[in-house]
Q: 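One structure is given below, represented as structure tokens, and several questions about it will come after.
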Amino acid sequence: MRKKKQTAIDKRILRAEYLRIIPEQSAMLLPEEIFEHFDFRIGFIHQGVVAHVETIGTPEDLGAHDAEKDIAIPRLSCFVVLVTQVALHRVNRLPPLFKQAVWETIDDIIDEETEIPEILLVIINDCLERAIGEINYNQLKDERIVNRLWSSIKSAYGERHAPDDSEIFDNFYESEEDPDEEE
């Protein structure tokens, strides 16, 4: 029986997730060149996935609700990366005129800081919904797969910039406590 070929995760997606999960104090220590090579198109889609997950919530099938932080945070992070990858494939599979319009509109939003057109949100949301439907949640429950992808996320800019798990988890604990302090 032949093994199924593994799909490589786009390094730019790993970098977008890395910048989302690292603590702020660690981000300040990164060299400026890192931010100069950031892909804003991928960052836009990635932020759409993050916003979608924050709005809709973590899917029950992911099994991250009842898990400990050291399981839930990497699993959710891997989920965001995989959904971003599939959503990008979905955008790139749109009919050529739609695909070109999506990328040009994202470029215009970034360059000119214009408002996001409703039609773009509808198209991106459709791609995200379909991407979420394509994710194999059992794969994200496999510890080896999650550990390998989690390591790839943390070392997206190289091993020397990889934060410790404890730093990342502590950062998530702190951000969960902040809303309570404001009330």
Side-chain angles (χ1 to χ4, degrees), residues 2-22 24 27 30-62 64 73-140 145-146 148-158 161-162:
R2 241 174 80 185
K3 264 188 159 181
K4 187 177 178 182
K5 182 182 173 194
Q6 290 183 357
T7 304
I9 303 295
D10 190 321
K11 190 83 165 172
R12 298 169 299 176
I13 297 170
L14 295 172
R15 289 176 176 167
E17 182 64 10
Y18 170 87
L19 292 174
R20 183 183 79 88
I21 65 166
I22 62 167
E24 208 172 293
L30 295 174
E32 299 252 345
E33 305 88 58
I34 286 177
F35 299 102
E36 290 174 10
H37 301 292
F38 184 76
D39 189 318
F40 288 102
R41 288 179 174 183
I42 289 179
F44 185 88
I45 301 296
H46 178 264
Q47 282 306 113
V49 172
V50 171
H52 188 80
V53 168
E54 287 175 356
T55 302
I56 304 302
T58 307
E60 288 291 327
D61 295 340
L62 189 58
I73 292 170
R75 199 177 282 178
L76 179 61
S77 190
C78 294
F79 173 75
V80 168
V81 165
L82 293 175
V83 170
T84 303
Q85 175 118 344
V86 175
L88 283 166
H89 285 300
R90 288 226 154 257
V91 169
N92 284 325
R93 282 188 261 163
L94 289 170
L97 290 176
F98 281 108
K99 178 176 113 177
Q100 183 180 358
V102 166
W103 294 134
E104 285 177 3
T105 304
I106 290 172
D107 290 343
D108 290 344
I109 292 167
I110 293 165
D111 293 341
E112 300 168 15
E113 297 179 18
T114 60
E115 281 194 38
I116 301 172
E118 188 68 31
I119 189 68
L120 177 66
L121 293 176
V122 169
I123 293 170
I124 298 295
N125 194 44
D126 181 59
C127 290
L128 293 179
E129 289 291 333
R130 290 173 186 239
I132 289 171
E134 290 181 26
I135 298 299
N136 180 352
Y137 293 99
N138 289 330
Q139 196 176 31
L140 285 171
I145 293 171
V146 171
R148 187 173 51 233
L149 187 52
W150 178 244
S151 293
S152 296
I153 293 167
K154 291 189 318 179
S155 60
Y157 283 106
H161 297 297

Q: Run the side chain to side chain contact (heavy atoms under 4.5 Å, CB included) test against I116 and tell me which residues pass, sequence neighbours left out.
A: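 For I116, the residues satisfying side chain to side chain contact (heavy atoms under 4.5 Å, CB included) (neighbours in sequence not counted) are F44, I109, L120, L121.
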Q: Residues two or more places apart in sequence or in another chain: which of them pass side-chain hydrogen bond (donor to acceptor under 3.5 Å, both in side chains) with S77?
A: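 Applying side-chain hydrogen bond (donor to acceptor under 3.5 Å, both in side chains) to S77 gives E17.
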Q: Apply side chain to side chain contact (heavy atoms under 4.5 Å, CB included) to D10 and list each qualifying residue two or more places apart in sequence or on a separate chain.
A: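 D10 satisfies side chain to side chain contact (heavy atoms under 4.5 Å, CB included) with R12, I13, I42, Q85 once adjacent residues are dropped.
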Q: What residues, two or more places apart in sequence or in another chain, satisfy salt bridge (charged side-chain N to carboxylate O under 4.0 Å, His left out) together with D108?
A: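 With sequence neighbours excluded, D108 shows a salt bridge (charged side-chain N to carboxylate O under 4.0 Å, His left out) to no residue whatsoever.
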Q: Could I get the full list of side-chain hydrogen bond (donor to acceptor under 3.5 Å, both in side chains) partners for E54, not counting sequence neighbours?
A: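 None.
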Q: Sequence neighbours excluded, which residues qualify as side-chain hydrogen bond (donor to acceptor under 3.5 Å, both in side chains) partners of N92?
A: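 In terms of side-chain hydrogen bond (donor to acceptor under 3.5 Å, both in side chains), with neighbours along the sequence ignored, N92 is linked to W103.
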Q: Please report the C-alpha distance between W150 and I73 in whole Å, then the side-chain angles of each, then the deciding distance to 0.1 Å, and finally whether the side chain to side chain contact (heavy atoms under 4.5 Å, CB included) criterion is met.
A: CA-CA 10 Å; W150 178 244; I73 292 170; 4.2 Å; yes
Q: Between R75 and L140 (side chain of the first, backbone of the second, donor and acceptor by atom type, cut-off under 3.5 Å), is there such a pair?
A: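 Here the side-chain-to-backbone pair exists.
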Q: Are I9 and S152 packed together at the side-chain level, in the sense that at least one heavy-atom pair is separated by less than 4.5 angstrom?
A: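 No, their side chains stay 4.5 Å or more apart.
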Q: Just to verify, what does N125 make a side chain to side chain contact (heavy atoms under 4.5 Å, CB included) with, not counting sequence neighbours?
A: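 N125 satisfies side chain to side chain contact (heavy atoms under 4.5 Å, CB included) with H52, E129 once adjacent residues are dropped.
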Q: Write out all pairs satisfying salt bridge (charged side-chain N to carboxylate O under 4.0 Å, His left out) with one or both partners inside residues 80-100, taking only residues at least two apart or from two chains.
A: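 Counting only pairs at least two positions apart or across chains, the salt bridge (charged side-chain N to carboxylate O under 4.0 Å, His left out) contacts touching residues 80-100 are R90-E134.
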Q: Could you work out, with side-chain hydrogen bond (donor to acceptor under 3.5 Å, both in side chains) as the rule, every residue matching Q47, not counting sequence neighbours?
A: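 Q47 satisfies side-chain hydrogen bond (donor to acceptor under 3.5 Å, both in side chains) with no other residue.
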Q: What's the separation between atom CD1 in I123 and atom CD in E118, rounded to the nearest 0.5 Å?
A: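 These two atoms lie 11.0 Å from each other.
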Q: Kindly compute the distance separating CD1 (I153) from CG (L19), expressed to the nearest 0.5 Å.
A: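 Output value for this atom pair is 12.0 Å.
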Q: Please tell me if the side chains of L149 and L14 come closer than 4.5 Å, counting only heavy atoms from C-beta onward.
A: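 Counting from C-beta outward, L149 and L14 do come under 4.5 Å.
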Q: Apply side chain to side chain contact (heavy atoms under 4.5 Å, CB included) to Y137 and list each qualifying residue two or more places apart in sequence or on a separate chain.
A: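 Only P59, D61, L62, F79, I132, I135 meet the side chain to side chain contact (heavy atoms under 4.5 Å, CB included) criterion with Y137.
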Q: Are I45 and I106 side-chain neighbours, meaning at least one heavy-atom pair lies under 4.5 Å?
A: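 SC-SC contact between I45 and I106 confirmed.
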